[in-house]
2 protein chains.
Amino acid sequence: MTKEQSVAGLLQTHGQPKVLAKQTHVFYQGDHDARVYFVQSGLLKAYYLSADGKESIKSFIEAGSIIGSLNAALGQGGCSFNLVALEPSQLLGLPFATLVEAAAQSHTLAGEVIQHLLALAMKKEQREYELLSLSAEQRFVRLRQTSPELLKRVTQNDIARYLGVTPVALSRIKKRGS
Amino acid sequence: MTKEQSVAGLLQTHGQPKVLAKQTHVFYQGDHDARVYFVQSGLLKAYYLSADGKESIKSFIEAGSIIGSLNAALGQGGCSFNLVALEPSQLLGLPFATLVEAAAQSHTLAGEVIQHLLALAMKKEQREYELLSLSAEQRFVRLRQTSPELLKRVTQNDIARYLGVTPVALSRIKKRGS
DNA sequence: AGTCATTTTTAACCTAAGTTAATGCACTGA
DNA sequence: TCAGTGCATTAACTTAGGTTAAAAATGACT
């Protein structure tokens with residue numbers, strides 16, 4: 001294998017293209033998909049489905065982001081969530097192991113991976129904070145401030161399930177704060 | 001600087017010991033403390049304090065763990081949370097920059113850092129899932145299953161604020177599920 | 001033992017959000 | 001055009017949890 005010096009370069013050479021129509025799943029909860037995906041274009045959602053059928057949305061993934069199930073990547077079991085395209089999307093898939101091996105070969109790549117993981121950890125920390133400390137209404141106000149474009153691309157149902165409330169509750173929240 | 005080959009080694013040589021009495025703070029929200037701390041013994045809590053005085057507990061940190069504010073470490077601002085000892089504790093502090101520089105020198109150390117960050121991301125993901133998808137009662141049941149020892153070391157007040165409910169609510173939950 | 005502070009429980013009342021179901025709306029496809 | 005489907009709103013009712021305050025229980029210190 002060539003010594004790739006960046007995540008971008010690695011994806012160019014070893015990434016396998018994947019074209020997704022709307023509503024197509026990349027993987028389901030329980031699948032053993034140990035790849036990371038780079039989103040070239042489109043929009044996806046990562047969501048949990050509980051035993052009683054309730055859907056909770058973990059995150060929306062826009063172009064430029066990287067997504068994959070850590071659980072499956074680290075071989076600790078299947079994917080912990082579902083991944084589906086909300087809009088037609090183009091991805092590049094790369095086995096997680098390939099990334100790890102390449103990182104072991106190249107200092108600069110390892111540094112890049114560390115930066116990616118630090119950014120990921122900070123994003124998760126922010127979300128954790130909002131879920132722990134803010135009310136549903138406060139979370140909605142924040143989302144409207146930070147990602148107004150996203151609100152236009154995603155149904156209110158999905159926004160609600162991302163905020164951790166039912167669509168009915170979100171409709172009420174909007175009415176209250178108008 | 002010697003080329004340290006492991007996080008443990010780096011802490012041995014460059015870590016600065018810190019002994020904390022109960023109730024002593026390591027840092028406060030807003031402080032610029034860009035260090036990571038390794039907990040040798042004791043127990044700490046990381047918590048947010050909102051403008052209106054409400055406390056939310058981000059996490060409990062037991063011996064063997066590493067803690068620090070990513071926000072401050074990456075120079076993006078002050079610490080986003082408070083860190084205080086719940087029991088007498090011994091820490092080793094290390095500037096985050098020292099860790100990053102050392103990781104740039106050593107493959108094995110960089111690999112170790114990546115593993116740490118992956119584990120951290122998985123833990124945050126788990127917590128995010130529980131806050132998003134489970135009820136307070138379900139979160140309490142899980143905590144009792146996974147960390148029964150912790151429940152004995154921490155007041156019920158703090159458990160409640162970790163679960164994201166008030167102490168009164170947790171008392172009711174316990175009563176219900178008995 | 002007795003006092004003090006802290007923690008936990010209980011009660012009464014209030015508010016946010018879940019549930020179910022009906023209605024209206026917009027988009028799609030035959 | 002019309003039927004069908006999914007989305008958003010509204011209503012009525014239920015439930016979990018917040019708030020405030022007071023009472024028990026626990027623990028620490030002298």
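Quick note on labels: first sequence line is chain A, next is B, and so on, each numbered from 1.
Looking at B:Arg35 and B:Tyr37, their side chains do bring a donor and an acceptor atom within 3.5 Å of each other. Counted by atom type alone, A:Glu101 and A:Gln105 present zero donor-acceptor pairs between their side chains at under 3.5 Å.
The nearest whole Å value for the distance from the NZ atom in B:Lys174 to the P atom in C:dT9 is 4 Å. If you take CD of B:Gln138 and C1' of D:dG17, they are 15 Å apart, rounded to a whole angstrom. The nearest whole Å value for the distance from the CG atom in A:Leu131 to the P atom in D:dG17 is 15 Å. For B:Leu134 and C:dG18, the CG to P distance is 14 Å, given to the nearest whole Å. The CD-P distance, from A:Glu137 to D:dG18, rounds to 16 Å in whole Å. One can place CZ of A:Arg176 at 12 Å from P of C:dT15, the figure rounded to the nearest angstrom. Residue A:Lys54 contributes atom NZ, which lies 12 Å from atom C1' of C:dT19 at whole-angstrom precision. Counting to the nearest Å, the P atom of D:dT15 and the CZ atom of B:Arg172 are 15 Å from each other.
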**OP:** Give the B/S/- string for nucleotides 21-29 of chain C, one per nucleotide from 5' to 3', where a protein heavy atom under 4.0 Å of the base yields B, of only the sugar-phosphate yields S, and otherwise -.
**Re:** ---------
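In this structure, A:Tyr129 has its ring center under 6.0 Å from that of B:Tyr48.
No salt bridge links B:Glu87 with B:Lys22; every basic N to acidic carboxylate O contact stays at or beyond 4.0 Å. Here A:Lys54 does not pair with A:Asp52 in a salt bridge; the nearest charged N to carboxylate O distance is not below 4.0 Å. A salt bridge does not link A:Glu128 to B:Lys123: none of the charged side-chain nitrogens sits closer than 4.0 Å to a carboxylate oxygen.
Listed by residue number, the members of residues 157-167 of chain B with any heavy atom below 4.0 angstrom from DNA chain D are B:Gly164, B:Val165, B:Thr166. Residues from residues 140-154 of chain B lying near DNA chain D, meaning a heavy-atom separation below 4.0 Å, are absent.
When atom types are taken as modelled, the side chain of A:Asn157 and the backbone of A:Pro167 share no donor-acceptor pair closer than 3.5 angstrom.
Cation-pi geometry between A:Arg127 and A:Tyr162 is met: the NZ or CZ atom falls under 6.0 Å from the ring centre, inside 45° of the normal.
One distance of note links CZ of B:Arg144 with NZ of B:Lys174; it measures 8.5 Å at 0.5 Å rounding.
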